[in-house]
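Worksheet for the structure shown next.
If you read the sequence from its start, that first residue is 1, and numbering goes on from there. All values below come from the heavy atoms of this structure, side chains included, with hydrogens, waters and symmetry mates left out.
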Amino acid sequence: MQGQAQQQAYDRGITIFSPDGRLYQVEYAREAVKRGTASIGVRTEDGVVLAADKRSRSPLMEPTSVEKIHKADDHAGIASAGHVADARQLIDFARRQAQVNRLRFSEPIGIEALTKEVTDHIQQYTQVGGARPFGVALLIGGIEDGEPRLYETDPSGTPYEWKAVSIGANRGDLQDYLEENYGDDLDLDGGIELALRALASANDGSLEPAGVDVGTVPVDTEEFHELDNDEIETHLADLDLLPSEDEDDEDEE
């Protein structure tokens with residue numbers, strides 16, 4: 001019984017390490033990320049692509065109310081996976097830091113610096129009593145000094161830089177797909193194709209335009225741009241990823 005009580009104490013207390021050096025609440029936060037719909041980031045020579053699966057739970061839900069990709073600053077975008085409310089808090093924090101940097105130094109914040117500001121904030125919630133870790137992972141992508149950069153944040157507060165990465169549900173399968181198909185010579189359209197094909201591989205090979213979010217930050221403009229439904233539908237049609245008529249008929253039945 002005493003061993004059980006100790007286990008429960010490690011389980012509940014965010015500030016207490018278990019005997020084998022683990023913080024269980026951080027691990028549970030990572031599990032919350034795995035339950036979120038997938039987001040993908042791809043870094044190309046011409047810019048950064050962020051794509052997210054935003055399928056709604058009900059046909060009665062307004063698709064535009066499901067937000068997975070956000071503008072953090074003119075030159076930076078953020079995609080999330082996990083608890084949406086936690087993501088909104090961190091994205092608002094990132095936006096404030098970006099604006100503080102512009103006011104203080106009269107220049108856009110670096111993507112690496114922005115990521116580390118966010119991960120420092122996340123890390124504080126892994127060692128403060130009475131709080132819990134953020135149950136969300138973010139992909140922060142943008143242009144820094146003319147170069148595309150792509151970072152992932154973890155619930156532990158650790159930043160990672162990637163060429164291509166997936167967070168959320170089916171991460172293992174999506175990461176395998178990205179590793180097999182990524183090339184250093186990808187252009188921006190190639191990055192969009194890779195991200196959409198990866199998402200489709202986990203969705204029976206097809207995607208609905210309203211069920212996907214795509215954002216890009218090109219090197220030439222350094223301006224974050226979120227694709228609208230018509231642009232996404234054009235890409236899906238070109239890649240033959242739209243649901244077939246047979247699938248539509250089955251859904252109606």
Contact between [X] and [Y] at the side-chain level, heavy atoms closer than 4.5 Å - yes or no?
{"X": "S166", "Y": "L178", "value": "yes"}
{"X": "T158", "Y": "Q123", "value": "no"}
{"X": "D92", "Y": "R95", "value": "yes"}
{"X": "E208", "Y": "L242", "value": "no"}
{"X": "L236", "Y": "P209", "value": "yes"}
{"X": "L150", "Y": "L50", "value": "yes"}
{"X": "K71", "Y": "D74", "value": "yes"}

* Asked: Does a side chain donor of either S18 or D20 reach within less than 3.5 Å of an acceptor in the other side chain?
  -> yes
* Asked: Does a donor on one side chain sit under 3.5 Å from an acceptor on the other, for S156 and D154?
  -> yes
Using a strict threshold of under 4.0 Å (side-chain N to carboxylate O), is an ion pair present between [Y] and [X]?
{"X": "E161", "Y": "R43", "answer": "yes"}
{"X": "D86", "Y": "R132", "answer": "yes"}
{"X": "E112", "Y": "K116", "answer": "yes"}
{"X": "K34", "Y": "E31", "answer": "yes"}

Enter the distance from [X]:[atom1] to [Y]:[atom2] here, rounded to the nearest 0.5 Å.
{"X": "L194", "Y": "I40", "atom1": "CG", "atom2": "CD1", "answer": "7.5 Å"}
{"X": "H75", "Y": "F224", "atom1": "NE2", "atom2": "CZ", "answer": "12.5 Å"}
{"X": "E193", "Y": "N181", "atom1": "CD", "atom2": "CG", "answer": "9.0 Å"}
{"X": "M61", "Y": "K54", "atom1": "CE", "atom2": "NZ", "answer": "11.5 Å"}
{"X": "D220", "Y": "L188", "atom1": "CG", "atom2": "CG", "answer": "8.5 Å"}
{"X": "D53", "Y": "L196", "atom1": "CG", "atom2": "CG", "answer": "11.0 Å"}

Donor-acceptor contact present, side-chain [X] to main-chain [Y], <3.5 Å:
{"X": "D46", "Y": "V219", "answer": "no"}
{"X": "Q175", "Y": "A164", "answer": "yes"}
{"X": "E152", "Y": "Y160", "answer": "no"}
{"X": "S39", "Y": "S80", "answer": "yes"}
{"X": "N203", "Y": "L199", "answer": "yes"}
{"X": "T153", "Y": "L138", "answer": "yes"}
{"X": "T216", "Y": "P218", "answer": "no"}

For [X] and [Y], which heavy atoms make the closest approach, and how far apart are they?
{"X": "I167", "Y": "A137", "value": "CD1-O, 3.4 Å"}
{"X": "D213", "Y": "V66", "value": "OD2-O, 4.3 Å"}
{"X": "G135", "Y": "A32", "value": "O-CB, 4.1 Å"}
{"X": "V33", "Y": "P155", "value": "CG2-CG, 3.9 Å"}
{"X": "P148", "Y": "I143", "value": "CA-CD1, 3.8 Å"}
{"X": "A94", "Y": "I78", "value": "CB-CD1, 3.8 Å"}

Mind checking whether [X] and [Y] sit in one hydrophobic cluster, side chains of I, L, V, M, F, W, Y counted as touching below 4.5 Å?
{"X": "V48", "Y": "L227", "result": "no"}
{"X": "I232", "Y": "V42", "result": "yes"}
{"X": "L207", "Y": "I192", "result": "yes"}
{"X": "I111", "Y": "L90", "result": "yes"}
{"X": "L114", "Y": "I122", "result": "yes"}

* Please say whether more than 12 non-hydrogen atoms of neighbouring residues, nucleotides or ligands are located less than 6.0 Å from CZ in R88. => no
* Around atom OH of Y125, are there more than 12 heavy atoms of other residues, nucleotides or ligands at under 6.0 Å? -> no
* Asked: Restricting to pairs with a member in residues 225-234, which pass salt bridge (Lys or Arg N to Asp or Glu O under 4.0 Å), not counting sequence neighbours?
  -> none
* To do: Please collect all salt bridge (Lys or Arg N to Asp or Glu O under 4.0 Å) contacts where either partner lies in residues 177-192, sequence neighbours excluded, each pair once.
  => K163-D184
* **Stepwise side chain to side chain contact (heavy atoms under 4.5 Å, CB included) check, E45 with L186** => CA-CA 6 Å; E45 292 179 338; L186 280 176; over 6 Å; no
* **Test side-chain hydrogen bond (donor to acceptor under 3.5 Å, both in side chains) applied to Y151 and R149, step by step** => CA-CA 7 Å; Y151 287 87; R149 308 291 293 273; 2.5 Å; yes
* To do: Decide yes or no on side-chain hydrogen bond (donor to acceptor under 3.5 Å, both in side chains) for T37 and K68, but give the supporting numbers first.
  => CA-CA 9 Å; T37 54; K68 291 273 290 179; 3.1 Å; yes
* **Residue pair T126, Q25: steps toward the side chain to side chain contact (heavy atoms under 4.5 Å, CB included) verdict** => CA-CA 8 Å; T126 69; Q25 291 294 324; over 6 Å; no
* Using the six-membered ring wherever Trp is involved, compare the ring planes of F93 and H121 and label them parallel, tilted or perpendicular (cut-offs 30° and 60°). => parallel
